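Down below is the structure, laid out as structure tokens.
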2 protein chains.
Amino acid sequence: MTAPAPKHDVFQAIADPTRRKLLQLLVDREMPVTVISGYFPMSRTAVSKHLRVLADAGLVKERKVGRETRYRLDPDPLLELKRWLAYYERFWENKLMALKHYVESDERDGDVPAGALGAVELQTKE
Amino acid sequence: MTAPAPKHDVFQAIADPTRRKLLQLLVDREMPVTVISGYFPMSRTAVSKHLRVLADAGLVKERKVGRETRYRLDPDPLLELKRWLAYYERFWENKLMALKHYVESDERDGDVPAGALGAVELQTKE
DNA sequence: AGAATACGAAACCTTTCGGTTTCATATGTT
DNA sequence: AACATATGAAACCGAAAGGTTTCGTATTCT
């Protein structure tokens, strides 16, 4: 049991605004589908499908209670996103540094900004 | 000039694996389209369209040099993603705390985990 | 000037996405 | 038992996504 057939990853899951709202709604409380769908301007079935996508990505857990199914957030998969993002974080700093250098020098002949950024650091990961 | 007609946001832009690879490729070096497309198993035009989506989201900047257009990463819009993610970060900790409590107590009648998580913290941030 | 290169726009195709409506089923209520 | 409630599955639909091929145009090279 390594990979339980993902079919939907975190990146896809959070791409849709409705699904991001869903995550936020379920962040601290568990809710059944009918209640959840009350917060959205679409059919219950549509909401249910969004919940399925989120569940596929592991961002939401379902629990059956009597005739209702309650959903709640599971933030774990967001770690992958965090890791992905972390890789790019240093480039904010680099960009600032490059800008600084550019402002301090006067070699702005029209193609400097890119050059300033070009060779700051090199890294090929994967 | 406030919002330049977004049309594609960061969340959509990074949803596609090809586009994530593009970002990584352009992270430290500037490249023209033809060279870029050499890294992908699809037509140059297809890559070009992906680059447009990234540019729409502001994740990539283009610069014309002679007959070629060079692209490079602009990590700025990732800040929005970082902010979004930061909101959920505390819940990793909360989840661990809830788990700890659950393990230490013995009220595991079958529906404890959800309850343990349910009331840890309450926050409604639009 | 003429040929080659770099690129985007446009038209087109197939698959996925986000949504709806309808139906079947399980559970709860009287 | 009969009815109501909660939900997912299925069939369907229009629009968007991701791709291709073809074409037009700007730039560079001989």
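Lettering follows sequence order; numbering is per chain, from 1. Note that the structure is predicted; figures quoted are calculated from it, not measured. Computed over heavy atoms, backbone and side chain alike; hydrogens, waters and symmetry mates excluded.
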Can you name the residues that form a salt bridge (charged side-chain N to carboxylate O under 4.0 Å, His left out) with B/Glu80, not counting sequence neighbours?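 Once residues adjacent in sequence are excluded, B/Glu80 has no partner under the salt bridge (charged side-chain N to carboxylate O under 4.0 Å, His left out) criterion.
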
Name all residues meeting the salt bridge (charged side-chain N to carboxylate O under 4.0 Å, His left out) criterion together with B/Arg19; count only those two or more places apart in sequence or in a different chain, and write none if there are none.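 Listed in chain order: nothing, the list is empty.
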
For every nucleotide of nucleotides 22-30 of chain C, 5' to 3': is a protein heavy atom under 4.0 Å from its base (B), only from its sugar-phosphate (S), or from neither (-)? -----BSS-

In whole Å, what is the span from the [atom1] atom of [X] to the [atom2] atom of [N]?
| X | N | atom1 | atom2 | value |
| --- | --- | --- | --- | --- |
| B/Asp9 | D/dA16 | CG | P | 15 Å |
| B/Asp56 | D/dA16 | CG | P | 15 Å |
| B/Leu51 | C/dC7 | CG | C1' | 11 Å |

Would you give the length of the straight line joining atom [atom1] of [X] to atom [atom2] of [Y], rounded to the nearest 0.5 angstrom?
| X | Y | atom1 | atom2 | answer |
| --- | --- | --- | --- | --- |
| B/Ile14 | B/Leu78 | CD1 | CG | 7.0 Å |
| B/Leu81 | A/Tyr88 | CG | OH | 11.5 Å |
| B/Leu23 | B/Leu54 | CG | CG | 5.0 Å |

Give a yes/no answer on whether the side chain of [X] brings an N or O atom under 4.0 Å of OP1 or OP2 in [N].
| X | N | value |
| --- | --- | --- |
| B/Tyr71 | C/dC7 | no |
| A/Arg70 | D/dA6 | no |
| A/Ser48 | D/dG8 | yes |

Please identify each residue that fulfils side chain to side chain contact (heavy atoms under 4.5 Å, CB included) with B/Thr45, with sequence neighbours left out.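 For B/Thr45 the side chain to side chain contact (heavy atoms under 4.5 Å, CB included) partners, ignoring immediate neighbours, are B/Ser43.
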
Distances for protein N or O near nucleotides 15-19 of chain C N or O, under 3.5 Å:
residue, atom, partner, partner atom, Å
C/dG18, OP1, A/Asp16, OD1, 3.3
C/dG18, OP2, A/Arg19, NH1, 3.1
C/dG19, OP2, A/His50, NE2, 2.3
C/dG19, N7, A/Lys49, NZ, 2.9
C/dG19, O6, A/Lys49, NZ, 2.6

Where A/Phe40 and A/Lys21 come nearest, the two heavy atoms and their spacing: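 Between these two residues, the closest heavy atoms are CE2-CB, 3.7 Å.
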
Could you name each residue pair satisfying ring pair (Phe, Tyr, Trp, His ring centres under 6.0 Å) that touches residues 45-76 of chain A, not counting sequence neighbours?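 Those involving residues 45-76 of chain A do not exist here.
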
